[in-house]
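Order of appearance sets the numbers: ligands from 1, and atoms from 1 within every ligand. Source: prediction; values computed, not measured.
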Amino acid sequence: MGKNQLNHLAIIMDGNGRWAKARKQPRVAGHYAGMNNVETIALAADKLGVKVLSLYAFSTENWARPKEEVAYLMNLPVRFFDKFMPSLMKNNVKVNIMGYLNDLPKKTYDVVQRAMRETADNTGLVLNFAFNYGARKEITSAMKELGGMIESGSITSQEITEEMISDRLMTANFGQYRDPDLLIRTSGEQRLSNFLLWQLAYSELAFSEKYWPDFNEKDLQGFVGNFAKRHRRFGKVDESDS
Ligand code: FPP
């Protein structure tokens, strides 16, 4: 425990398409395998003491993919919660979906709202899906809100603080865990792709060569172990450091 504890883990689940291609399967087969791996990694993260797991499942830019693939991805939450809701309940997992949910197809919207409602009283791992999420849009929305407060005279521009910006992002309800401690991106790509740009300011970054469907509990344990070591090497000299 202590300050090396990994409270908020964020993952960019990349490489589903290439995983499928390597098996001569359609891209969507990779997304299905990726969906199944969400359950595996969520339970593994829970075991490691993670409090919030944020997963980038669909970005505001992903609408530009072929229509059939978008339709498949939009249906994944339906399949995921159909298949895994009993396990999520049993493991006390609380589901959160952050993103521009009003723009989702009705069926997707309904299923994610239901998942949040049904798990609202669970007190374990927060499984946070970023779905139709984009960080620049999120920050822009926060700026518009603060701009409105200036226009109405409730604050001056000089009164804006970092805290006020954090409070208007989609992670605000995670309180002290709002910013990820560690971000992992799979599949060898090293980009943020518009994920949690503000919140990742001080996060450790780690990259796995594995495609998301192949990224397993052991891989996660390795990254979490490295995270602890990195902090021992570069950690502050105050507080409980000895
Ligand atoms: C990136 O791989 C992955 C996605 C765009 C989709 C991620 C979604 C899941 C893993 C399932 C999410 C589950 C739920 C419940 C919503 P890619 O398609 O960009 O792969 P590529 O880079 O190899 O083409």
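Listed by chain and number, residues touching ligand 1 at under 4.0 Å (heavy atoms only) are M13, D14, G15, N16, G17, R18, R27, H31, G34, M35, A57, N62, R65, L73, L76, F80, F129, F131, W212.
Inspection of the S166 and W198 side chains reveals an N or O donor paired with an N or O acceptor under 3.5 Å. For the residue pair K83/N36, the side-chain donor-acceptor check at 3.5 Å is satisfied.
In the hydrophobic clustering, where aliphatic and aromatic side chains (Ile, Leu, Val, Met, Phe, Trp, Tyr) are joined below 4.5 Å either directly or transitively, W19 groups with Y211.
Between R178 and D167 there is a salt bridge, since a side-chain N of the basic residue sits under 4.0 Å from a carboxylate O of the acidic one.
Among residues two or more places apart in sequence or in another chain, the salt bridge (Lys or Arg N to Asp or Glu O under 4.0 Å) test is passed with K90 by none. Under the side-chain hydrogen bond (donor to acceptor under 3.5 Å, both in side chains) criterion, T123 pairs with N92, sequence neighbours left out.
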